[in-house]
Amino acid sequence: MRECDVNMIESKVFYLKNLYIAEKPSVAREFAKALKVNGGNRDGYIESEDSIVTWCVGHLVTMSYPEEYDPALKKWSVETLPFFPDTFKYQVIDGVSKQFNIVKELLNRADVACIYVCTDSGREGEYIYRLVDQMAEVPDTKEKRRVWIDSQTEEEILRGIKEAKNIHEYDNLSASAYLRAKEDYLMGINFSRILTLKYSYTVKNYLGRDKCVISVGRVMTCVLGMIVRREREIRQFVKTPFYRVIGNIVLADGTFEAEWKAVEGTRYFQSPLLYKENGFKEEKDAKKLIEELSGDYAEPVVPIEDTTRMAGQTMGIGNSETGQPLVLIEKVEKKKENKNAPLLYNLAELQNDCSRLFKISPDETLKVVQELYEKKMVTYPRTDARVLSTAVSKEIYKNISGLKNIPSMRGYAEWILQNGTYKGIAKTRYVNDKQITDHYAIIPTGQGLNAFNSLHDTAKKIYEVIVRRFLSIFYPPAVYQKLALTLNRNGEKLFAGFRVLVEPGYLPIMVYSFGKQKEEEEKYSKAMVEAAMLLKKGMKLPVNGFEIKEGETSPPKRYSSGTLILAMENAGQLIEDEELRAQIKGSGIGTSATRAEIIKKLVNNKYLNLNKKTQIITPTQMGEMIHDVVASSIKSLLNPELTASWEKGLSYVAEGTITEEEYMKKLEDFIQKRTDAVKGMNNQYQLRTCFDYAAQFYKNKKDGAGGKRSVNRK
């Protein structure tokens with residue numbers, strides 16, 4: 001029995017109590033309910049004879065602005081930069097000072113024997129409590145235990161309390177949280193001030209504005225760079241036409257398409273006439289090929305087996321009796337393909353799907369999932385993992401059983417339980433302890449369903465998406481029969497393929513009641529597919545003519561709010577250097593908890609436009625100008641390499657691989673060098689050229705940063 005439990009027993013004699021501090025009032029109420037703290041509701045806390053439950057309201061404490069160190073620093077000046085405090089100062093946030101004082105008094109009460117820290121289980125939640133503890137000057141002599149839970153069900157809350165560890169076991173996580181805040185603070189203040197002092201006059205005059213603050217940050221400036229680069233790639237893109245040659249092959253009750261490709265051993269292999277192996281740069285060359293394919297064989301090919309019975313034709317060597325050209329089947333590949341259910345949702349994947357399906361922004365998705373979490377319906381939302389832990393997989397039948405109470409899901413849940421498919425889940429790719437840092441994937445708890453009918457429509461839809469993704473992993477894979485054909489005509493090769501769904505497996509559960517996400521429809525008739533499956537090497541089939549299909553290259557797609565979240569999560573894919581890409585794998589830009597807020601901030605700053613109907617993101621003129629300012633002064637801020645490597649460094653601190661001191665030295669060196677470099681720059685004239693280039697695309701639009709007409713000032 002732990003000391004804290006002893007205190008709990010002793011409290012009946014010595015009136016000692018345990019204090020539980022949550023991040024929000026709603027979460028605190030769930031803890032009070034689970035602990036059966038039925039005492040009176042006080043102002044800012046709930047108390048019984050042996051327990052006290054209180055709460056923060058998000059952040060109660062924040063970092064102080066520079067003027068709190070020295071009033072002279074309120075005025076922005078080049079001479080005072082860079083700003084590095086010897087000791088960082090913190091202050092209580094004005095709007096929540098009352099609750100802070102209540103919490104401070106409770107934490108320091110003489111009758112509080114043990115403090116259970118129940119803020120959200122992650123780096124941000126750790127930071128919220130540590131700041132309160134620091135400002136409230138809670139003595140180290142008090143025992144403090146960290147509660148780490150994955151959902152707010154009563155069972156999970158009690159487990160978390162029972163297994164709570166000494167808070168000092170989370171000191172590395174706390175250190176990384178403090179460092180992340182210091183990093184954002186120092187970069188934001190120093191770089192925003194130096195760039196504003198250096199370039200705001202140029203920017204505001206160009207736009208005809210009264211004032212301009214150039215706001216930059218470690219993560220948000222990198223994201224701005226991604227959006228501007230993509231927009232400029234689209235502008236600079238030049239469409240290239242190409243011409244593909246298609247043969248319409250006769251079979252059974254219709255025709256199927258076979259595509260010509262210039263493969264090794266054929267006449268056009270690596271020809272300069274080609275755009276790619278399956279298309280020509282000019283239409284005349286495609287027409288010439290069709291003439292070659294339509295004529296008789298130059299050299300007779302002796303058929304291995306006559307197949308006229310299948311097509312209902314009598315075939316000669318080069319053409320059928322009807323004059324149709326013939327193709328020889330050179331190769332037939334048949335194989336079954338198993339398609340497994342996708343991995344479970346992490347926050348980024350869920351935000352992407354909700355952006356695509358419901359056209360809602362990532363911060364709206366997070367808000368809804370947080371509500372579902374607080375209603376005990378889903379597990380912790382701010383997670384990067386897409387798998388389950390071994391421990392939770394052993395009890396997963398409980399989650400499934402609870403879902404029988406949802407009429408639309410009852411049949412699926414009952415099938416899983418009756419067939420026992422959940423029993424072997426621990427041996428599948430859906431369970432992997434090594435891929436989990438703080439929390440496993442977002443899944444339904446199977447509880448809290450009494451709140452289902454009261455959910456608004458969007459919340460119901462998001463919950464359904466999570467449930468269907470979860471249940472699908474307990475179903476068998478979808479099975480396809482695939483057929484690939486290699487056809488020969490006059491020495492040239494054509495390729496065709498069939499894909500037939502044999503067993504639907506998990507697919508029916510992934511057909512949503514909204515938007516109807518379906519598998520691809522069968523392209524060909526049942527009779528044709530059956531005939532295709534009987535084809536063999538050496539058979540010949542007639543061609544109902546060749547045709548040209550004209551296409552053109554497509555520009556890159558603009559980011560949607562969802563695809564941007566995924567791009568931020570998978571920053572390594574944006575990095576060319578293979579070694580660095582491997583080094584930062586799993587880090588990404590920002591964190592699952594902050595990415596949505598970063599996008600929202602860029603939109604609020606009017607650096608980006610977010611189309612609410614389509615969720616497509618584009619830069620504003622102001623956003624492009626800020627991008628150009630940064631590109632000409634502190635270019636590395638725009639690079640995913642830098643942002644992701646800083647995030648990786650924070651992970652190393654959390655793991656205990658590097659120290660806080662090592663990290664801070666690297667950070668201060670970086671800021672010092674870049675700030676000094678900007679001080680010596682004289683590149684305003686060159687910037688005007690960049691501004692002129694961007695301005696032409698906003699000529700008849702209102703400036704997204706201020707509402708005035710964009711002007712092209714020389």
Side-chain angles (χ1 to χ4, degrees), residues 233-234 236-252 254-299 301 307 311 318-319 324-335 337 339 480-500 519-525 528-529 531-533 535-557:
E233 286 172 5
I234 293 169
Q236 294 165 7
F237 182 82
V238 178
K239 291 182 179 180
T240 303
F242 57 87
Y243 304 88
R244 297 160 53 224
V245 173
I246 304 295
N248 296 301
I249 314 300
V250 178
L251 182 65
T255 61
F256 66 88
E257 292 184 351
E259 183 177 30
W260 170 85
K261 291 182 183 179
V263 296
E264 190 171 359
T266 59
R267 278 169 288 179
Y268 290 93
F269 181 63
Q270 295 183 339
S271 168
L273 302 176
L274 297 176
Y275 167 69
K276 286 185 176 178
E277 64 171 6
N278 63 334
F280 290 94
K281 296 175 183 176
E282 296 188 26
E283 187 177 15
K284 63 181 179 65
D285 296 311
K287 288 180 177 179
K288 182 180 178 183
L289 174 62
I290 286 179
E291 291 176 4
E292 295 168 355
L293 293 173
S294 300
D296 288 338
Y297 288 107
E299 297 180 7
V301 178
T307 63
N319 292 326
Q324 291 175 308
L326 300 175
V327 290
L328 176 71
I329 301 177
E330 273 194 359
K331 189 176 182 181
V332 178
E333 291 182 279
K334 295 180 183 179
K335 67 176 181 178
E337 177 188 72
K339 181 181 179 182
Y480 294 88
Q481 178 68 56
K482 295 185 73 175
L483 172 70
L485 299 175
T486 303
L487 310 173
N488 187 316
R489 172 68 186 175
N490 286 4
E492 294 298 320
K493 304 296 174 69
L494 296 99
F495 299 85
F498 292 82
R499 185 170 181 255
V500 183
E519 279 294 296
E520 60 192 66
E521 295 181 4
E522 294 295 341
K523 190 175 181 180
Y524 301 112
S525 69
M528 185 180 296
V529 170
M533 292 302 169
L535 294 174
K536 295 180 181 179
K537 179 180 177 180
M539 293 179 173
K540 291 182 291 181
L541 296 171
V543 184
N544 189 19
F546 296 93
E547 62 179 313
I548 294 172
K549 285 200 172 180
E550 182 178 350
E552 60 182 18
T553 54
S554 301
K557 289 184 178 180

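Being a predicted model, the structure only gives us computed values, none of them experimental. For the single chain, residues carry numbers from 1 onward in sequence order.
In this structure, the side chains of V543 and I249 come closer than 4.5 Å at one or more pairs of heavy atoms. Looking at heavy atoms from C-beta onward, Y243 lies out of side-chain contact with L289 at the 4.5 angstrom threshold. Counting only heavy atoms from C-beta outward, the side chains of F495 and T486 approach each other to under 4.5 Å. The shortest side-chain heavy-atom distance between I329 and L487 falls under the 4.5 Å cut-off. Side-chain contact between E259 and R244: present, with at least one pair of heavy atoms (C-beta onward) separated by less than 4.5 Å. Residues V332 and L485 are in side-chain contact: their nearest non-hydrogen atoms beyond the backbone lie under 4.5 Å apart. Using a 4.5 Å heavy-atom threshold, the side chains of K287 and I548 count as touching.
Taking the six-membered ring for Trp and thresholds of 30 and 60 degrees, W260 and Y268 have ring planes more than 60 degrees apart, a perpendicular arrangement. In this pair, Y275 and F242 present their aromatic rings parallel. The plane angle is below 30°, not in the 30 to 60° band.
With rounding to the nearest 0.5 Å, the separation of OG1 in T266 from CD in E492 is 5.0 Å. Taken to the nearest 0.5 Å, the NZ atom of K261 stands 10.5 Å off from the CG atom of L494.
Remark: the backbone N or O of A484 is not paired with any side-chain donor or acceptor of K335 at under 3.5 angstrom. When atom types are taken as modelled, the side chain of S294 and the backbone of I290 share a donor-acceptor pair closer than 3.5 angstrom. With hydrogens and angles ignored, the 3.5 Å screen pairs no side-chain donor or acceptor of T255 with any backbone N or O of N248. Put simply, the side chain of R499 never gets that close to the backbone of L483: no donor and acceptor are under 3.5 Å apart.
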Report task. List the steps and the verdict of side-chain contact (heavy atoms from CB on, under 4.5 Å) for K288 and F280. Result -> CA-CA 11 Å; K288 182 180 178 183; F280 290 94; over 6 Å; no
Report task. Starting from the C-alpha separation in whole Å, work towards a yes-or-no answer on side-chain contact (heavy atoms from CB on, under 4.5 Å) for V500 and M533. Result -> CA-CA 10 Å; V500 183; M533 292 302 169; 3.7 Å; yes
**Report entry** Chi angles and distances behind the salt bridge (Lys or Arg N to Asp or Glu O under 4.0 Å) call for E257, K549
**Finding:** CA-CA 11 Å; E257 292 184 351; K549 285 200 172 180; 2.7 Å; yes
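Of the candidates K493, K537, R489, E330 forms a salt bridge (charged side-chain N to carboxylate O under 4.0 Å, His left out) with just one, namely K493.
Looking only at atom types and distance, the side chain of E292 has no donor-acceptor partner in the side chain of N490 under 3.5 Å away.
The number of heavy atoms from other shown groups lying within 6.0 Å of NZ (K331) does not exceed 12.
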